[in-house]
There are 2 protein chains.
Amino acid sequence: MSGRPTIKEVSKIAGVSFKTVSRVLNNEKHVSEATRRKVEEAVATLNFRPSHAARTLAGRKSFQVALLYDNPSPYYVYHIQAGAQERCVELGFRLLHQPCDSEAEDLTQGVTALIDEAHLDGVIISPPVSDAMPLIEELERRKIPFVRIAPGIARGSTLSVAIDDVAAGRELTEYLIGLGHRAIAFVKGPPNHISSEERHQGYRDALDAHGVAYDPDLVVQGDYSFASGRKAAESLLARTDPPTAIFAGNDDMAAGALAVAHERDIVVPDALSIAGFDDTDLARAVWPPLTTVHQPVRDLAWSAANLLLDGDGKHRQLTLDHVLKKRASTGPAPKA
Amino acid sequence: MSGRPTIKEVSKIAGVSFKTVSRVLNNEKHVSEATRRKVEEAVATLNFRPSHAARTLAGRKSFQVALLYDNPSPYYVYHIQAGAQERCVELGFRLLHQPCDSEAEDLTQGVTALIDEAHLDGVIISPPVSDAMPLIEELERRKIPFVRIAPGIARGSTLSVAIDDVAAGRELTEYLIGLGHRAIAFVKGPPNHISSEERHQGYRDALDAHGVAYDPDLVVQGDYSFASGRKAAESLLARTDPPTAIFAGNDDMAAGALAVAHERDIVVPDALSIAGFDDTDLARAVWPPLTTVHQPVRDLAWSAANLLLDGDGKHRQLTLDHVLKKRASTGPAPKA
DNA sequence: CTGAAAGCGCTTACAG
DNA sequence: CTGAAAGCGCTTACAG
């Protein structure tokens, strides 16, 4: 039914055996330049495309890897996909985008099913799935190559790419301290996102280093959503001694806090400084634009794909640079 | 090397021929309940997963479709992916996420290559790729099943799902007119997004219907980006007779216009009303929240997948409802 | 309701 | 440097 030409038809036109066509397609050595050229011409003439299914079935590689994600942030997912996709295509691999539920009972089963069905050559795992330990352990047991993006737990010897969330959290906090702030609140992300815990650790480290007492009442649980940022800000600003600065674990929550400030006519940054994390589009779209930490999301995924498919096996853990972005949502602490 | 069990091993354990196992896997009729049960048990015991490559190669269906997208909006792409993915998985299909360049010379060639390599059963095409006519025509020629999301051109008899952008643009404009605005600016999206042209048409229709003169100087070209919204607002507000309302073709541009207003201490909505389109997360994250048109992005993609894979062949064009969201970024026109 | 044969379009050893 | 045989793990006709 499908008029797709096959390797055999190509071989007929090129006047060689179909095995030779296969060699050319796979860029094998030991093919004379003349033969190679003839085959390439025949391929172009027929507009031949090798069947991926046939290659996968016959060969020992599928040239397919999956990207696992479970993240409510369109911005994050979009850039993770773009970076991973770019590097995979460059290296001749297809990338399957696989949403999943990192908390689900059957996460491991679902992923191993995909691995088997699709004969996957490897898996790229973005947070928070990158910290789903039962899955990670099963992949190690089955010797499936994988790479983790921003894993917080047991980074160990597995392939991984991340930024230094602790250092970034510390830098941002130190910047706020430098502006004169002492009552600095922190809004945490969901517990299964280890990065959030690390940013919180950096916040504590900075307070300690500068002799500012850590006040647990100024640390509020959020879930990385805009709504949770609103809620956190409302509870913080309801205090008799509200903070002069709010450091939210990501930009969405910072935007939520900012909306609360606007509603209450609290001028940012004059009366209240607000900072986020990630430097998503949102950070530049709100007013005033958010002071935040730029995270190279796309590069993280690009590097992860590169490590998985084209790594040297030696450099197994990669740490990329982050950048503190000072914008108008933060300013000197108001005089008491 | 891979210890994957095959259909033959399942058949041995179940005590039937491997052909019968195939029947059970494909939910064919004419299998006794007892036999079916035995096979299913064997499948569970071995944790058997059929090889997708083998099924594709042997059968005439690959149970694979691709989603084509070329859209700089993470929000839009994320929800399009989620909706299409959900319905595909429900119907037993795998969805390949395929970014592409709708303006590229070799768009058609790239897509047909994917179709051949992956033996695709169909294609879901999101805007602006859904209006790349050379591609659409080639798919028709090759009789590849496809469905277009929000196509503007030649909707014709091809499968498609959309909202009524003209009506939505008209409603939003009428709302602004109802608030007393007469000098209403419109910021257009990029020319290859036909939806933008249609929203603009709705804007014109509303002006006409209410006897408001159409002023071409109040229509500014943008490209759906935040930055272009900023630029548009800057040029509009530099006029000696600036508009009292700005209707931006999407939320990102509206957010850009809003930022300009903030910078210049123009109070929104008291001195200037601003409206967007799409109702992305951004619309609710900025201050004041944007009046906009809610577009059921996820449903559009879900319905597109459904039409492609489970349609009745009769209802070929689907129009989903939009909703005007009145929020705080628009208000009565200031008294002259 | 169930089965034995052929074949999908490639790659993998193995030869020469 | 090139080729003939076998086989990957399934589905498709064709039988009975």
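Chain naming here is simple, since letters A, B, ... match the order of the sequence lines and numbering starts at 1 in each.
C/dC10 atom P lies 11 Å from atom CG of B/Asp116, rounded to whole Å. If you measure from atom CG of A/Leu25 to atom P of C/dT11, you get 6 Å, rounded to the nearest angstrom. When rounded to the nearest whole Å, the span between NE2 of A/His30 and C1' of C/dA15 equals 15 Å. When the P atom of D/dC10 is taken as reference, atom CD of B/Glu9 falls 9 Å away, rounded to whole Å. Atom CZ of B/Phe18 is separated from atom P of C/dA4 by 8 Å (rounded to the nearest Å).
Remark on DNA chain D: of its neighbouring residues B/Arg23 and A/Arg23, the 5'-side contact belongs to A/Arg23, judged by nearest-heavy-atom nucleotide.
Of the side-chain N and O atoms in B/Thr20, one or more sit less than 4.0 angstrom from OP1 or OP2 of C/dG3. Not one side-chain nitrogen or oxygen of B/Ser17 sits closer than 4.0 Å to the OP1 or OP2 atom of C/dA4. Put simply, A/Ser22 has a side-chain N or O that comes within less than 4.0 Å of OP1 or OP2 on C/dT11. A sub-4.0 Å separation between OP1 or OP2 of C/dC10 and a side-chain N or O of A/Arg60 is absent. OP1 or OP2 of C/dT2 sits under 4.0 Å from a side-chain N or O of B/Thr35.
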Could you provide the dot-bracket string of DNA chain C, using ( ) for intrastrand pairs, [ ] for crossing pairs and | for bases paired to another strand, with Watson-Crick or G-U pairs below 3.5 Å? |||.||||||||.|||
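Listed candidates were C/dT11, C/dG3, D/dC10. Nearest to the side chain of A/Ile7 is C/dT11. Closest to the side chain of B/Leu57, out of D/dC1, D/dG9, C/dA4, is D/dG9. Checking D/dG9, D/dT2, D/dG7 against every side-chain atom of B/Ala58, the shortest atom distance belongs to D/dG9.
Electrostatic pairing of B/Arg87 and B/Glu90 counts as a salt bridge here, judged by a charged N lying under 4.0 Å from a carboxylate O. Taking the charged nitrogens against the carboxylate oxygens, A/Arg141 and A/Glu138 do have a contact shorter than 4.0 Å, which makes a salt bridge.
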Under 3.5 Å donor-acceptor pairs involving side-chain atoms of residues 40-53 of chain B, not counting sequence neighbours:
from    : atom 1 : to       : atom 2 : distance (Å)
B/Thr45 : OG1    : B/Glu41  : O      : 2.8
B/Ser51 : OG     : A/His119 : NE2    : 2.7
B/Ser51 : OG     : B/Ala53  : N      : 3.4
B/Ser51 : OG     : B/Ala54  : N      : 3.1
B/His52 : NE2    : B/Ser62  : O      : 2.9

Throw together a table of side-chain donor-acceptor distances under 3.5 angstrom for residues 65-80 of chain A, partners on residues two or more places apart or in other chains.
from    : atom 1 : to       : atom 2 : distance (Å)
A/Tyr69 : OH     : A/Gln81  : NE2    : 3.4
A/Asp70 : OD2    : A/Ser102 : N      : 2.8
A/Asp70 : OD2    : A/Ser102 : OG     : 2.9
A/Asn71 : OD1    : A/Ser73  : N      : 3.0
A/Asn71 : ND2    : A/Pro127 : O      : 3.4
A/Ser73 : OG     : A/Tyr76  : N      : 3.1
A/Tyr75 : OH     : A/Asp279 : O      : 3.4
A/Tyr78 : OH     : B/Asn71  : O      : 2.8

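Within 4.0 Å (heavy atoms only), B/Thr56 reaches no atom of the nucleic acid at all.
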